[in-house]
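What follows is a single structure, written as structure tokens, with notes after it.
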Amino acid sequence: MSEYDPQALQAKWQQRWEELEPFRAGEDAADTRERRYMLDMFPYPSGDLHMGHGEVFAIGDVVARYWFQRGYNVLHPIGWDSFGLPAENAAIKRNAHPAEWTYANIETQATSFRRYGISFDWSRRLHTSDPEYYRWNQWLFNRFFERGLAYRKGGLVNWCPNDQTVLANEQVVAGKCERCGADVIRRELTQWYFKITDYAERLLKDMEQLEGGWPERVLTMQRNWIGRSEGADVLFEIEGREEPVHVYTTRPDTLFGATFFVVAVDAALADEIVTDDRREEFEAYRAEVAKLSDIERLSTDKEKTGVFLGRHAINPVNGERIPVWAADYVLSDYGHGAIMAVPAHDQRDLDFALKFGLPVKVVVHTGLADPGETGEATPGEGSLVNSGPLDGLSKAEAIAKIIEILRAEGKGDASVNFRLRDWLLSRQRFWGTPIPIIHCLDCGEVPVPDDQLPVTLPDLRGEALAPKGVSPLASATDWVNVECPKCGGRAMRDTDTMDTFVDSSWYYLRYCSPGYTDGPFDVEQVRKWGPIDQYVGGVEHAVLHLLYSRFFTKVLHDMGMVDFTEPFLRLLNQGQVINGGKAMSKSLGNGVDLGQQIDAYGVDAVRLTMVFAGPPEDDIDWADVSPAASQKFLARAFRVMDDVASEPGVSFEGGDLELRKFTHRTIDEVTKLVESHRFNVAVARLMELTSAARKAIDSGPGAADPAVREAAEALAVMLSLVAPYTAEEGWERLGRTGTTVALAGWPVAEPALLVQDSVTCVVQVAGKVRDRLEVSPSISEDELRGLALGSDKVRAYLDGEPRKVIVRAPKLVNIVP
RNA sequence: GCCCCCGUAGCCCAAUGGCAGAGGCAAACCCCUUAAAAGGGUUGACGUGCGGGUUCGAAUCCCGCCGGGGGCACCA
């Protein structure tokens, strides 16, 4: 009998794993094992690992280790998402280079990961801030550029005043910077974009492949974000303007109800058509709107504002003159930046109409009161009125008919619109991938030739990195001033860096051939390993990383470099680790340190606590769980394995039948539970198995019975998914020396041992349990009915013939008196 | 405001149409012990947030509330 000492086990087995390297992915082309690709979202090296990492990686490792046990050839790599702002901010503060802070943190995390016992293939490690990684960002950028998928345009963009850089739409959450929480403002800037909108339809459609594999809420968030809608484009003449103006509407059936016309205040059209006598008022209004933060501007309960532009538009179907207004509730970058306003059937238009005394014309009879009276628009279905040829039609009929009319007259057509905007990828910061473009006065935007990549970062540090609204790269004049690759004339490098979400959009492909020098990845290796079978990470990337990565995968597919169209077949979103009902934070002083928890309870106890706390997608409140209790259980399980008195290899055949059945039933259940990601329940089953073995040793057939060994060995293997150190030591104590339990092979439940001799059948009278019968599992319905009706206990509740008898052999009979 | 998810024992959670409790925490008690710790064991719902409905049978399905969490929020 020996003590369970987690810290000693960690030291011992960590070293053994480093010698054995049990988790290296098989590279042999002749390897016929089925392959599996398991990936955890790679960490940002912000410091040491924290509790959140502890949870994700513990959960991901259950899946990876299960696959190892099943004998698959598993790819389970690790790397670091090591470009990004925190390193830059730290460098400014310490007058250092961002790389120093970054790579020191990476080493700290790597050491912690090794101690944490995650089954990584360390040979494939990568860091996105390595030139050998980011050169391929640049190479990919060039390919996107060639295909017209990377382009530069001017316009209003999201600007974070705190981080001093622009942001993509996806990185603005409720008007605030996704990173730092500052209020985002709008600025007019020329920036690089990826044309993700070209892929909107496919990004939406291909989600059908992910149905069932991804959490429904992530799919919903992406669908909402892409925001597909169907409607019509309608051409309106504007008096005094040559060209007609397009508007997009999802309700072309209400065209006869348009009583005014609104142009986005920041759209070029508004500036163009405002009449001279209205210009002063318009410009004052535009300046006022520009001052508002996104939060204020986009608030739905804000009162409508706007100005009349002095012009009229002509309704194409009835020739009515309707006034043209400018307002900030119409967005310049959606649809055509202008709308037809139908106040009777759109609440926003109605609010505007009532504020400015514009007419309200009902064209859909919904049976509800007049919106002009009530102030409540009636957007619902009904039959059309006051609409000439559409009168009497339903919404669907009217839409079909009006599109037909518009098309015939060349005044419009059916149209599809998306809420998704192009991905703004340039950033005015230092610690990222330089955009490989050279600006030449004569040749324009010239990509740096592939054979001159990577464009490495200039050596800037400390104060030189301080944000000043333009990229720090601009101050490195030696670096900036270059010859044009095309004409040899004087030219300048682009001084922006790429959004770090570019790095993470394809890293999963790089893992397939991390040292590859002829391209971002070896196409053959990606064919072998891709796509990812299981991805694990936080839900906060629902419309960020996960959307971008799907987009990249589709572009690479179109380039013929990958043969799949979706990168992540299954996605698991783990919850957060909180403490006392609140997110852990320094300011609240309620932080729990992963390293300290491990020092106090051991790696296995911490991992077990993470996995056992509840369903993986639920948050874990560390105040509700008990790593000390986890440690107790592990000690208990260890003692069971240590107490086994039979020799390894002994036949289990003659072992205690009751325990054998229990063991095999547990194997069967745990297998199903692990496969369906119900890890907390699987752990509960292992606790039961441990108790059953304990009981067999103490007050049953004894420690020498082969069934006890069978139970203990199954326990060691199954426990290895969650508590690898305890499992290894237990396995060794079981006499399985010189090997690792991680590759021992998943136990197989023998069907013969899953069969029950008898089951308890519940007999109910009017839904209440009145008797229990021990019956054969294969009993027939008729026989069971007879037994139930013959029971004295049952008959006491019956007078006369029952009205109905429901038999669900072999478990239940319900008698309706 | 709209949409989605969730409410089971003091707490974390099982049970997905068939006996409300698998597992854990906490609590109480018992065994072991000179004692304590460690270890082993025993004990818990009068009904699943509330009110209706469907069904032979509902935690589970449907409707309406209440409470919690999340997403979207001028996208025409």
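Order of the sequence lines fixes the chain letters, A, B, ..., with proteins taken first and strands second; residue numbering starts at 1 for each chain.
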Proximal nucleotide (of B/C74, B/A76, B/G24) relative to the A/Met687 side chain | B/G24
Check whether the side chain of A/Lys304 and the base of B/C74 form a donor-acceptor pair under 3.5 Å.
-> yes
Quote, to the nearest angstrom, the C1' distance that separates B/C3 from B/C19.
-> 38 Å
Winner on side-chain proximity to A/Gln764, out of B/A76, B/G18, B/G40, is B/G18
Any side-chain N or O of A/Arg772 less than 4.0 Å from the OP1 or OP2 oxygen of B/G18?
-> no
Check every strand shown and say whether A/Ser229 touches a base, only sugar-phosphate, or nothing at a heavy-atom separation below 4.0 Å.
-> sugar-phosphate
Does A/Arg636 put a side-chain nitrogen or oxygen below 4.0 Å from OP1 or OP2 of B/G40?
-> yes
Identify which nucleotide among B/C13, B/A22, B/C19 has an atom closest to any side-chain atom of A/Ala684, counting heavy atoms from C-beta outward.
-> B/A22
How far does the C1' atom of B/G64 sit from the matching atom of B/A22, given to the nearest Å?
-> 34 Å
With a non-hydrogen cut-off below 4.0 angstrom, is A/Thr220 in contact with a base, only sugar-phosphate, or nothing?
-> nothing
Name the nucleic acid region contacted by A/Val330, choosing base, sugar-phosphate or nothing; use a 4.0 angstrom heavy-atom cut-off, strictly under.
-> base
A/Tyr601 OH - B/C25 C1' separation (whole Å) | 13 Å
Between A/Asp643 and A/Arg733, is there a side-chain N and carboxylate O pair less than 4.0 Å apart?
-> no
Identify whether any heavy atom of A/Asn814 sits under 4.0 Å from a base atom; if not, whether one sits that close to sugar-phosphate; answer base, sugar-phosphate or nothing.
-> base
Backbone N/O of A/Glu617 and side chain of A/Asn573: donor-acceptor pair under 3.5 Å | no
Proximity to the side chain of A/Ile806 - top-ranked nucleotide from B/C56, B/C74, B/A76 | B/C56
Pairwise C1' distance, B/G10 and B/G53 [rounded to whole Å] | 33 Å
Report which part of the nucleic acid A/Glu216 touches: base, sugar-phosphate, or nothing (heavy-atom distance under 4.0 Å, all strands).
-> nothing
Report the distance from atom CG of A/Asp619 to atom C1' of B/C6, rounded to the nearest whole Å.
-> 12 Å
Any A/Ser626 side-chain N or O less than 4.0 Å from OP1/OP2 of B/G24 | no
If pairing means Watson-Crick or G-U wobble with both distances under 3.5 Å, then the partner of B/G1 is B/C72
Check whether any side-chain nitrogen or oxygen of A/Tyr334 sits under 4.0 Å from OP1 or OP2 of B/A76, and answer yes or no.
-> yes
Output the single nucleotide from B/G39, B/C19, B/A22 whose closest atom is nearest the side chain of A/Val681.
-> B/A22
Determine, for A/Asp782 against A/Arg785, whether the closest basic-nitrogen to carboxylate-oxygen distance falls under 4.0 angstrom.
-> yes
Identified pairing partner of B/U48, criterion: Watson-Crick or G-U wobble below 3.5 Å = none
Whole-Å distance, A/Trp622 CH2 to B/C11 C1', equals 16 Å
Got a donor-acceptor contact below 3.5 angstrom from the A/Tyr4 side chain to the A/Thr726 backbone?
-> no
Test item: A/Thr378 side-chain N/O and A/Gly380 main-chain N/O as donor-acceptor pair under 3.5 Å = no
Below 4.0 Å: OP1/OP2 of B/C56 and any side-chain N or O of A/Lys804 | yes
With rounding to whole Å, what would you report as the distance between B/C12 and B/A26 at their C1' atoms?
-> 11 Å
Partner nucleotide of B/U55 by Watson-Crick or wobble geometry (both distances under 3.5 Å) | none
If you look at every strand shown and take non-hydrogen atoms under 4.0 Å, does A/Arg421 touch a base, only sugar-phosphate, or nothing?
-> base
Pick the nucleotide of RNA chain B nearest each of A/Thr250 and A/Asn680; which residue has the one closer to the 5' end?
-> A/Asn680
A/His541 vs A/His545 aromatic rings, parallel, tilted or perpendicular, using cut-offs 30° and 60°?
-> perpendicular
How far does the C1' atom of B/C4 sit from the matching atom of B/G44, given to the nearest Å?
-> 35 Å
Per A/Leu812 side chain, nearest of listed nucleotides B/A76, B/G18, B/A14 = B/G18
What is the distance, rounded to the nearest whole Å, between atom CG of A/Asp233 and atom P of B/A76?
-> 12 Å
Separation of A/Leu420 atom CG from B/C72 atom P, in whole Å?
-> 14 Å
Between the side-chain atoms of A/Arg217 and the base atoms of B/G70, is any donor-acceptor pair under 3.5 Å?
-> no
Note: A/Asp328-A/Lys302 ion pair, threshold 4.0 Å (strictly below) | yes
Position toward the 5' end of RNA chain B (nearest nucleotide), A/Gly335 or A/Val683 = A/Val683
For A/Tyr285 and A/Ala326, the nearest pair of non-hydrogen atoms, with its separation, is CE2-O, 3.8 Å
Side chains of A/Leu420 and A/Glu170: closer than 4.5 Å at any heavy-atom pair?
-> yes
Return yes if some donor-acceptor pair links the side-chain N/O of A/Ser387 with the main-chain N/O of A/Leu384 below 3.5 Å, else return no.
-> no
CG of A/Asn169 versus C1' of B/A73: gap in Å, rounded?
-> 15 Å
Regarding the side chain of A/Arg808, the nearest nucleotide among B/A22, B/C56, B/C11 is B/C56
Given B/C19, B/G24, B/A14, which nucleotide is nearest the side-chain atoms of A/Arg685?
-> B/A14
Provide the distance between the two P atoms, one in B/A35 and one in B/C25, to the nearest whole Å.
-> 25 Å
Expressed in whole Å, how much space separates the P atoms belonging to B/A20 and B/G47?
-> 13 Å
Closest of B/G40, B/C12, B/C56 to the A/Asp624 side chain is B/C12
Which one is paired to B/A37, where only Watson-Crick or G-U wobble pairs with both distances under 3.5 angstrom count?
-> none
Length of the line joining A/Asn573:CG and B/G70:P, which is rounded to integer Å | 15 Å
Under 4.0 Å between any heavy atoms, over every strand shown, what does A/Lys632 touch: base, sugar-phosphate, or nothing? Just pick one.
-> sugar-phosphate
Heavy atoms under 4.0 Å, any strand shown: does A/Val762 hit a base, just sugar-phosphate, or nothing?
-> base
A/Ile578 CD1 - B/G68 C1' separation (whole Å) = 12 Å
Base paired to B/G7 (Watson-Crick or G-U; both N/O distances under 3.5 angstrom) = B/C66
On a whole-Å scale, what distance lies between the P atoms belonging to B/G41 and B/C32?
-> 15 Å
Which nucleotide sits closest to the side chain of A/Glu688: B/G18, B/A22, B/C74?
-> B/A22
